[in-house]
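Here is the structure we will look at, set down as structure tokens.
Keep in mind the model is a prediction, meaning the values are calculated, not measured. Order of the sequence lines fixes the chain letters, A, B, ..., with proteins taken first and strands second; residue numbering starts at 1 for each chain.
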Amino acid sequence: MSNNESVYNANSIEKYWQEIWEKEKCFQTNSVDGNKNYYVLEMFPYPSGRIHMGHVRVYTLGDVLARYKRCCGYNVLHPMGWDAFGMPAENAAFENNIHPRDWTKKNIKNMKEQLKSMGISYDWSKEISTCDPEYIKQQQKIFIKFFKAKLLYKKEAWANWDPVENTVLANEQVIDGKGWRSGVKIERKLLNQWFLSITKFSDELLQDLHLLKNWPENVKTMQKNWIGKSSGAEISFFLEAKCNNIEDFKGPLVVFTTRPDTIYGASFLALAPDHQLSTILSKTSKDIKKFITKWEETFSNEETLEKSQKEGIFTGLFAVHPFTKKSIPVYIANYVLSSYGTGAIFGVPAHDERDYIFAERYKLPIIQVVNSYSNQEIKLPYVGAGKMVNSDFLNNLDSSLAKEAIIKKLENMKAGSRKVKYRIRDWCASRQRYWGCPIPIIYREDGKIMPVDENELPVLLPDDIDFSKKKGNPLDNHPSWKYTTCKETGLNAIRETDTLDTFFDSSWYFIRFADPSHKDPINKEVADNWCPVHQYVGGIEHAVLHLLYARFFTKALSSLEDISFNEPFNGLFCQGMVCHKTYQDSKKNWIYPEEVRRENNKLYHKDTGDSVTELRSVKMSKSKKNIVDPVNIIKKYGADTARFFMLSDSPPERKLEWTSSGIDGSNKYLIKIWNFFKKLKLSEVSFYEDYDYKQEKNNNLVEKTHLYIDKITKSLDNFQYNVAVAQIRELSNVFLSYEASNEDSEGLIAIKFSLTKWIILISPMIPHLAEELWKILGYEKTLVTSQKWPKANLNYIKNTNAKIVVQINGKKKLVLDIPKNLNKKQTQELLMKREDVKTLIGNRDIKKTFVVPNKIFSLVI
RNA sequence: GCCCACUUGGCGGAAUAGGUAGACGCAAGGGACUUAAAAUCCCUUGUCCGUAAGGACGUCCCGGUUCGAGUCCGGGAGUGGGCACCA
């Protein structure tokens with residue numbers, strides 16, 4: 001108990017109230033039917049062992065919302081868990097000879113303690129960890145269900161290989177050609193991998209973005225670009241008769257184009273080096289084989305790929321142009337991608353930059369078929385729209401109309417058809433790592449691939465694993481684990497030794513939270529009751545990773561009727577990064593902020609005295625050492641100060657600059673508030689809920705309170721937490737100027753009324769101090785946490801005057817007090833009678849007037 | 001190259017719907033208290049002119065719409081982010 005102390009001791013106050021909340025089960029949620037449910041979720045953390053400032057920010061934001069909604073009468077679900085699988089645990093095992101499970105469990109314990117010290121209002125009874133056997137079991141059931149529904153398949157494909165993590169990665173995990181965690185250049189390998197059929201939902205994933213009204217536009221745009229829909233046509237090109245003796249290749253060569261209108265400009269065809277026909281041809285031609293081998297080497301290395309020129313090799317084949325019947329040479333070209341469209345294109349040098357370069361190099365014809373609308377000469381290649389030329393029946397058509405015309409013609413001729421293609425690829429979800437969810441599949445000796453029998457679930461990881469070998473898949477290297485038998489037939493079998501991408505784990509955890517101990521993966525009724533998540537909060541770095549995968553899972557589960565909702569997150573909020581200035585010593589080594597000493601505006605190293613350079617502020621990161629440890633901050637100032645600072649300085653979606661003066665400022669403010677409350681003696685003063693205060697003297701305080709209830713509520717509703725903080729300070733600046741000892745009993749009631757409301761308003765932000773103040777104010781028997789959110793009665797704002805601005809020709813000239821709520825005519829009549837207005841006008845003629853009641857009187861002279 | 005977002009004092013940022021630009025805070029300067037310092041409290045603080053009253057200018061730049069533009073429209077610059085041989 002702390003309120004007997006004479007200084008603000010945040011640590012003891014915070015510990016005290018955290019225990020009370022836990023004892024009273026304030027934040028436990030029971031599933032209740034009805035529409036007053038509200039599900040707030042922040043992206044669950046990877047248990048690295050220590051919270052960082054980014055965590056403090058996102059969890060504070062989520063908690064303000066959860067506590068606010070609870071006060072507003074919502075039945076709030078606010079759970080927390082652990083994204084517990086992943087590489088760092090395995091790395092720790094290599095380095096420190098500790099089992100990943102033990103390492104992870106220890107980290108969870110530490111981080112849970114740290115999170116609890118922040119006073120976040122989680123329902124810890126719903127805690128889940130993705131490495132729990134129960135979660136693994138339920139997830140394996142989902143895997144098998146997807147497998148049976150053909151939403152999962154295994155295939156050999158070029159995969160992104162991370163040479164540091166020794167595993168494949170999904171396309172979404174490759175950023176700028178580098179591994180998203182390791183940061184090293186990704187290699188390409190031809191491997192047999194498990195894929196999730198995310199492309200089956202390409203169109204739905206794209207279309208339903210429109211339904212996500214409460215998502216940030218930039219995230220939606222990123223997903224839209226990632227899905228990358230383009231519409232055009234597939235066109236069949238027949239090879240000339242003399243070329244038709246190629247074994248294993250039947251039928252026409254099909255190309256995809258978004259510009260079928262330019263077909264009369266086609267002067268060559270080009271195949272991807274790994275196109276089926278290229279592979280066939282390489283068997284009989286040494287030169288082609290050489291070309292493809294060279295390409296494979298370049299292709300596996302992103303860096304040289306970027307610099308590589310457009311090259312190709314003539315195949316010796318010719319195709320027939322479907323309209324002109326001319327023969328067109330077929331090339332293999334290194335810039336054609338097998339993974340997009342059909343892996344083959346027709347080259348139109350006049351209207352495509354790449355084709356233009358290629359044609360120049362190999363002296364291929366450049367035929368212009370689109371001209372500018374004005375018929376002026378244009379520079380080739382010209383990729384824009386225009387008027388068709390040199391195109392037979394298309395001539396003079398607008399290129400967009402030509403596109404439609406040619407598709408119709410192709411369809412009539414049965415030489416092609418309208419096609420829509422997507423950039424998005426299926427999700428490669430297997431990983432050659434130990435610390436992940438085992439894939440519940442066995443390979444039977446007769447060659448059959450089968451899911452593990454449901455009675456055998458969960459398939460758990462073996463404990464006795466040798467981490468001393470750095471190469472290879474640890475599960476695959478285990479002496480016995482993978483050997484098993486088929487329970488049905490008794491045949492020998494080998495287990496799948498790959499584990500699942502951790503993004504699989506996080507693609508459905510938010511649904512599991514609804515009923516985390518249910519016997520099946522999803523309790524449909526309860527999940528439907530809570531989901532979609534009303535407000536999800538997390539970092540934008542997951543725009544095309546987790547957020548896309550979770551949307552896909554939701555659609556997949558919905559298609560299997562496991563849930564009735566179609567999108568996982570109704571509202572999404574992406575908080576900004578926490579940044580800090582960076583510092584370097586004279587040798588350009590990064591140094592920690594706390595090692596820097598400031599003297600006469602110059603910076604020195606605290607210990608060595610070396611001069612220090614201050615560099616720009618960037619996201620806090622270990623490598624640049626510009627980090628501030630939240631655990632130390634909470635120890636020094638308390639969680640409330642840290643939370644308050646996180647909310648005050650920047651809008652939540654923008655970057656937040658961490659400064660020591662900022663955190664100090666927040667702390668000073670809380671101390672000032674605490675001191676103010678401590679010297680009050682208001683516990684005996686009371687007021688009725690419908691308290692109506694009329695006395696002239698303290699009108700200001702009651703009015704302002706109502707006004708600010710309204711303002712603060714609106715700011716919270718709009719996620720403008722920094723504005724809400726400013727308004728909270730404004731209201732407190734009003735009451736801090738009151739000397740309670742000078743007030744009569746009516747005045748004391750007004751003060752108590754104002755303070756009571758103010759504490760509730762601030763309670764989502766600094767919950768511990770709010771409880772303490774609540775108690776000091778005399779409400780020992782209740783918790784501010786379970787109070788109703790105040791309602792502003794705007795009738796109380798009976799300010800009888802309005803400040804009206806008098807403008808002449810749009811320039812402000814006077815600000816006048818006049819009675820409030822006069823209509824336009826009354827306002828003008830009143831103002832025109834006033835001497836100051838008459839003086840202003842002088843003897844000039846008034847041409848026109850405008851009145852905005854209570855705001856503006858504008859004169860045109 | 002394509003797409004998106006942003007640009008307001010020394011700094012972080014406010015500004016319903018086009019209607020007093022700079023709320024709230026940080027930093028800075030001055031003052032009070034103190035033997036002194038810290039802490040606290042009070043005052044000043046967009047720029048320029050003026051002793052002052054007051055005036056002029058001012059939301060990245062240029063132009064437009066309007067009685068009135070930080071806000072709307074057209075053009076341009078800069079910063080940040082996403083995608084990138086996607087046919």
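- A distance of about 36 Å separates the C1' atoms of B:C67 and B:U79, rounded to the whole Å.
- Between the side chains of A:S230 and A:Y340, at least one donor N or O lies within less than 3.5 Å of an accepting N or O.
- For A:K668 and B:C26, the shortest distance from a side-chain N or O to OP1 or OP2 is not below 4.0 Å.
- The side chain of A:N722 contributes an N or O atom lying less than 4.0 Å from OP1 or OP2 of B:A14.
- As judged by a 4.0 angstrom heavy-atom cut-off over every strand, A:R425 is placed among the base-contacting residues.
- Rounded to whole angstrom, the span from the CG atom of A:L814 across to the C1' atom of B:G55 amounts to 14 Å.
- Two residues are said to be in side-chain contact when any heavy atoms from C-beta on lie closer than 4.5 Å; A:N9 and A:W674 fail this criterion.
- Dashed line: the shortest gap from a side-chain N or O of A:N675 to OP1 or OP2 of B:A39 is not under 4.0 Å.
- Distance noted for atom P between B:C26 and B:A39: 13 Å (whole Å).
- In terms of phosphate contacts, A:Q720 brings a side-chain nitrogen or oxygen within less than 4.0 Å of OP1 or OP2 of B:A15.
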Q: Apply side-chain hydrogen bond (donor to acceptor under 3.5 Å, both in side chains) to A:N722 and A:D649, showing your working.
A: CA-CA 6 Å; A:N722 59 321; A:D649 263 20; over 6 Å; no
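- A perpendicular orientation is assigned to the rings of A:H546 and A:H542, their planes being inclined by more than 60° (bins at 30° and 60°).
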Q | Derivation and outcome, ring-ring contact (aromatic ring centres under 6.0 Å, His included), residues A:Y331 and A:F358 | A | CA-CA 10 Å; A:Y331 281 74; A:F358 192 82; 5.5 Å; yes
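- The side chain of A:V723 sits closest to B:A14 out of B:C24, B:A14, B:U20.
- B:C43 and B:G25: their P atoms are spaced 12 Å apart (whole Å).
- Taking only side-chain nitrogens and oxygens, A:K811 never comes nearer than 4.0 Å to OP1 or OP2 of B:G19.
- Within residues 850-861 of chain A, the residues approached by RNA chain B to less than 4.0 Å at the level of any non-hydrogen atom are A:F850, A:V852, A:K855, A:I856, A:S858, A:V860, in residue-number order.
- Comparing the P positions of B:A21 and B:A32 gives an interatomic distance of 36 Å, to the nearest angstrom.
- Dashed line: the shortest gap from a side-chain N or O of A:R423 to OP1 or OP2 of B:A84 is under 4.0 Å.
- In this structure, A:W658 and A:F645 have perpendicular ring planes: the angle between them is above 60°, well past the 30° mark.
- Atom pair A:N225:CG and B:C3:P shows a separation of 10 Å (rounding to whole Å applied).
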